[in-house]
Amino acid sequence: MKKIIYYFSGTGNSLYTARKLAKAIGGAELVNVRTDPHTAPAQAADVIGFVCPVYEWDIPGSMKNFIEKLSVNPNAYIFMVATYIAILGKSFETVAQLLEAKGARLSYGRAIRCVASQCIAYPPFPPEKLMLPYMERQISKVGTEIGRKQQRNYPRMAALTRKRFDKVMVPYLAIEHEYDKGFYTDDQCKGCGICAKVCPTYNITMEEKRPVWHHRCHGCNACVAYCPTRAIQFKSPKVYKELGTLITKMLRLPKKRKRYHHPDITARDLIENSRTVDPEE
Ligand SMILES: Cc1cc2nc3c(=O)[nH]c(=O)nc-3n(C[C@H](O)[C@H](O)[C@H](O)COP(=O)(O)O)c2cc1C
């Protein structure tokens, strides 16, 4: 039986989740959606999974583009698991619609709360020591359900979010690709190029041993969080300034922004584009 899970991940929460779920369903092929969808089709798969973060009340644009071009088996058991912190928006509806256009159906959808890792906007929260064990429990539950091929209606966009989507999200989506405009390196940069290698949109090239960002950014924070010398600095995009201040004040977060990534996902893990996960691994 062929099982395949497609994932997008910037700071490792979704990749960690995808790996755990692959084990829970008895092993699966894992494919990063930054690869060409024609090289990893799901036409012959019996179980197909999509795992990604919620970005701006939806799924990341490159995940959308990937699914649009992907061939799937319409009779497969298809699941989607989103990682997020507070607002799912239309993430599941987007995937369900993309599948519907291919004659396929989302059999199962569930979201997992993780550390919100958007350090270019606000300090990561809630604390890792609370969230990581909680995340583990949620993954275990989901793993059992999809291992049994359980059916579960996916979460829909809340009425209030639907009403506000266009108004609230327009300023973010309009400049999302250029979140990287405020990124720069300080003199700690050793020119190692890890930032370019972990970027899920291949948005960074190395020029004269320094990263150059090309404005195909999703603001995933991978380059910032995985820089081994913490040399990548950033000015928060204007749209995030108010939101960042509000969240920091409301939740009484420390002003210092830790550069969070999931502790079990290394830069090497993110660089890898595909792997077969064995249940015994
Ligand atoms: C650019 C960006 C936008 C985000 N937007 C949302 C959102 O709309 N709703 C939400 O609940 N979480 C949001 N988050 C939090 C992420 O969904 C969460 O941290 C996720 O687990 C990150 O996954 P990753 O570690 O695999 O990249 C956002 C994070 C980023 C970086």
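Remember, it's 1-based here, ligands and their atoms both numbered in the order they're listed. The residues of the chain are indexed from 1 along the displayed sequence. If you're wondering where the values come from, they're calculated on a predicted model, not measured in any experiment.
Looking from atom 5 (N) of ligand 1 to the surrounding protein, the closest heavy atom is E56 N, 3.0 Å. Protein heavy atom nearest atom 20 (C) of ligand 1, with residue, atom name and distance: T83 OG1, 3.3 Å. Looking from atom 15 (C) of ligand 1 to the surrounding protein, the closest heavy atom is V54 O, 4.1 Å. W57 N, 2.8 Å is the protein heavy atom nearest to atom 8 (O) of ligand 1. Looking only at protein heavy atoms, the nearest one to atom 2 (C) of ligand 1 is Q118 NE2, 3.1 Å.
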Query - Criterion side-chain hydrogen bond (donor to acceptor under 3.5 Å, both in side chains) on Y154 and R156, from CA distance to verdict - result: CA-CA 6 Å; Y154 54 82; R156 314 281 159 149; 3.0 Å; yes

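Of the possible polar contacts, none joining the K197 side chain to the A267 backbone as a donor-acceptor pair under 3.5 Å is found.
Of the heavy atoms in S9, both backbone and side-chain atoms come closer than 4.0 Å to ligand 1.
Within the structure, ligand 1 lacks L88 among the residues with a heavy atom less than 4.0 angstrom away. For Y240, the heavy-atom gap to ligand 1 drops under 4.0 angstrom. Under a 4.0 angstrom heavy-atom cut-off, G89 registers as lying outside contact with ligand 1.
For a threshold of 3.5 Å applied to N or O pairs, the pair formed by Y122 and ligand 1 contains no separation below that value. Below 3.5 Å of separation, one finds an N or O of I87 facing an N or O of ligand 1.
The closest heavy-atom contact to atom 31 (C) of ligand 1, among the options P53, G219, A225, comes from G219.
Side-chain contact of Y172 with E176: a donor-acceptor pair under 3.5 Å is absent, judged by distance alone.
Distances below 4.0 Å separate heavy atoms of A86 from the following atoms of ligand 1: 10 (C), 11 (O). Close contacts between ligand 1 and H218 involve ligand atoms 1 (C) [criterion: under 4.0 Å to a heavy atom]. Interface of A116 with ligand 1, defined as ligand atoms under 4.0 Å from a residue heavy atom, comprises 19 (O). Numbered from 1 in the order shown, with element, the atoms of ligand 1 that lie under 4.0 Å from a heavy atom of V115 read 19 (O). Near S14, the atoms of ligand 1 lying under 4.0 angstrom from a non-hydrogen atom of the residue are 23 (O), 24 (P), 26 (O). Atoms of ligand 1 lying under 4.0 Å from at least one heavy atom of N221, given by number and element, are 31 (C). Of all the atoms in ligand 1, the ones that sit under 4.0 Å from a non-hydrogen atom of G10 are 24 (P), 26 (O), 27 (O). For ligand 1, the atoms sitting less than 4.0 Å from at least one non-hydrogen atom of I85 are 10 (C), 11 (O), 12 (N), numbered in the order shown with element in parentheses.
Atom SG of C195 and atom CH2 of W213 lie 6.0 Å apart (nearest 0.5 Å). In this structure, the separation between CE on M157 and CG on D58 is 8.0 Å, given to the nearest 0.5 Å.
Atom CZ of R268 sits in a sparse spot, with 12 or fewer heavy atoms from other residues, nucleotides or ligands closer than 6.0 Å.
Using a 4.0 Å cut-off between charged side-chain N and carboxylate O, R19 and D264 make no salt bridge.
Two residues are said to be in side-chain contact when any heavy atoms from C-beta on lie closer than 4.5 Å; F8 and H218 meet this criterion.
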